[in-house]
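For reference, positions follow the sequence shown, starting with 1. Both ligands and their constituent atoms are indexed starting at 1 by order of listing. Computed from a predicted model, the values in this text were never measured in an experiment.
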Amino acid sequence: MKIVKLALAAFVLGAVLAGQVEAAPRVRIAMVVKNLGNGFFDAAHQGALEAAKQLGDVDVIYTGPTAPTAEGQIEIINSLISQKVDAIVISANDATALVPITRKAMQRGIKVLSFDSGVAKDGRAMQLNPSGPALIGRKQLELAADAIGGSGEIAILSATAQATNQNIWIGVMKQDLQTPEFAKLKLVATVYGDDQSDKSYREAIGLLRSHPDLKAIIAPTTVGINAAAKAVVDEHLVGKVYVTGLGLPSEMAGHVKSGAVKSFAIWNPIDLGYAITYAAYEFVKGRASGKPGESVAVGRMGKLQLDADGEAAMAPPFTYNKDNVDQFVKIF
Ligand code: RAM
């Protein structure tokens, strides 16, 4: 009898263990954004959730500091390390300041991928750019030149002074301004609104008041472009100063109608969030490692091809104006 009971107990224990082995744990992917409350990242989150749903065994942890600082992101990553998430996808507030903490995460077996705004090469397995930086920089100068007939004073209203992505695009714009094509555009100031609406608005007002001959403000940030357009309207400068840069159709349609903005550009932030989440899953499953030349499967977006620095780029930025902006208002 005793032997029968023991055998039964062993059988039950075996079944329980087998059950545990069979039910593979879900994959936890944390999306760390520059800051919360930014519509651009809300759209990226939507894409992350779409990828998770499609993959079936993924939970997305959407998080970020309230203000876009490296310190805020470091604190969050520390806590994600203790939670032992499987992967972190991050849009970085600083390329280098985050490296020690993201390296620590990687040493603990967490896959770290950056998207949108990159972490320096040592601190991530790959970086997903929305589109080639040269294309993004140039596009914004073209839109500014178009809006003002090719010549005049321009200013840049950026996000934070440490933002990897904006700083790369500003670098491209400054180089392109040296070429004959843009010789008649004169960059008179670069200011930082820190991706906060109120600070961006104040900086835009400052530009308008201290540069009476200003013809265009380029804001390579969805927060900045929205605030700058509002400033132009409030200062009664519609028709005299044009705002362009990178914006969300849902936030910019009204400004296109008011005339403060003729055209602006952006890529699809939902696709970006979808692709980076999908890519993170591939890293967790051991099907990608970030090697130069590697191709990473990203579901409905096809494949990402990594370059020598472990970077990949998605589609060219798309231009919006009064003819097409309304079609996208409900999407992002
Ligand atoms: C803001 C953020 C983001 C950038 C977009 C264009 O939402 O700064 O990083 O890619 O603008």
Side-chain angles (χ1 to χ4, degrees), residues 31-48 62 64-70 72-73 89-95 98 113-119 124 127-133 135-140 143 156-173 190-201 203-204 217-229 243-252 255 261 263-276 311 313-320 328 332:
M31 174 173 269
V32 182
V33 298
K34 282 180 170 175
N35 64 320
L36 297 177
N38 176 339
F40 177 87
F41 293 117
D42 292 342
H45 181 203
Q46 193 185 318
Y62 181 73
T66 40
T69 64
Q73 290 187 318
V89 300
I90 180 167
S91 170
N93 284 320
D94 191 304
L98 289 167
L113 292 75
S114 55
F115 74 103
D116 181 55
S117 189
V119 175
R124 46 77 179 160
Q127 152 67 11
L128 179 57
N129 294 310
S131 156
L135 281 181
I136 300 173
R138 184 183 181 80
K139 176 64 145 191
Q140 297 179 77
L143 296 180
I156 295 174
L157 167 63
S158 190
T160 66
Q162 291 78 31
T164 323
N165 52 348
Q166 273 92 8
N167 284 348
I168 293 173
W169 304 330
I170 291 171
V172 171
M173 288 194 262
T190 302
V191 297
Y192 301 89
D194 294 348
D195 270 352
Q196 306 285 305
S197 298
D198 49 354
K199 176 151 195 264
S200 302
Y201 180 81
E203 293 291 342
I217 296 177
I218 298 178
T221 137
T222 58
V223 180
I225 192 175
N226 194 4
V243 175
T244 189
L246 305 172
L248 298 171
S250 56
E251 296 176 353
M252 298 308 290
H255 295 308
V261 174
S263 58
F264 63 96
I266 198 78
W267 44 88
N268 185 327
I270 302 173
D271 290 348
L272 187 66
Y274 171 91
I276 197 63
E311 297 197 23
M314 294 179 68
F318 190 78
T319 304
Y320 300 86
F328 295 88
F332 54 80

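- The nearest protein atom to atom 7 (O) of ligand 1, hydrogens excluded, is given as Thr222 OG1, 2.6 Å; this is a heavy-atom distance.
- Here Asp116 has side-chain heavy atoms under 4.0 Å from ligand 1, and that is the only part of it that gets that close.
- Considering backbone and side-chain atoms alike, Asp195 places an N or O below 3.5 Å from some N or O of ligand 1.
- Below 3.5 Å of separation, one finds no N or O of Trp267 facing any N or O of ligand 1.
- For the pair Gln73 (side chain) and Leu98 (backbone), a donor-acceptor distance under 3.5 Å is absent.
- Scanning for ring pair (Phe, Tyr, Trp, His ring centres under 6.0 Å) contacts around Phe332 gives an empty result, with sequence neighbours left out.
- Annotation: side chain of Met31 is in contact with side chain of Ile276 (closest heavy-atom distance under 4.5 Å).
- For Ser117, no nitrogen or oxygen atom sits less than 3.5 Å from a nitrogen or oxygen atom of ligand 1, counting backbone and side chain alike.
- With a 4.5 Å cut-off on side-chain heavy atoms, Ile156 and Pro220 count as touching.
- The distance from ligand 1 to the heavy atoms of Trp169 drops below 4.0 Å at these ligand atoms: 10 (O).
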Can you give each donor-acceptor pair under 3.5 Å made by side-chain atoms of residues 33-41, sequence neighbours left out, with the distance rounded to 0.1 Å?
residue, atom, partner, partner atom, Å
Lys34, NZ, Asn165, OD1, 3.0
Lys34, NZ, Gln166, OE1, 2.9
Asn38, OD1, Phe40, N, 2.8

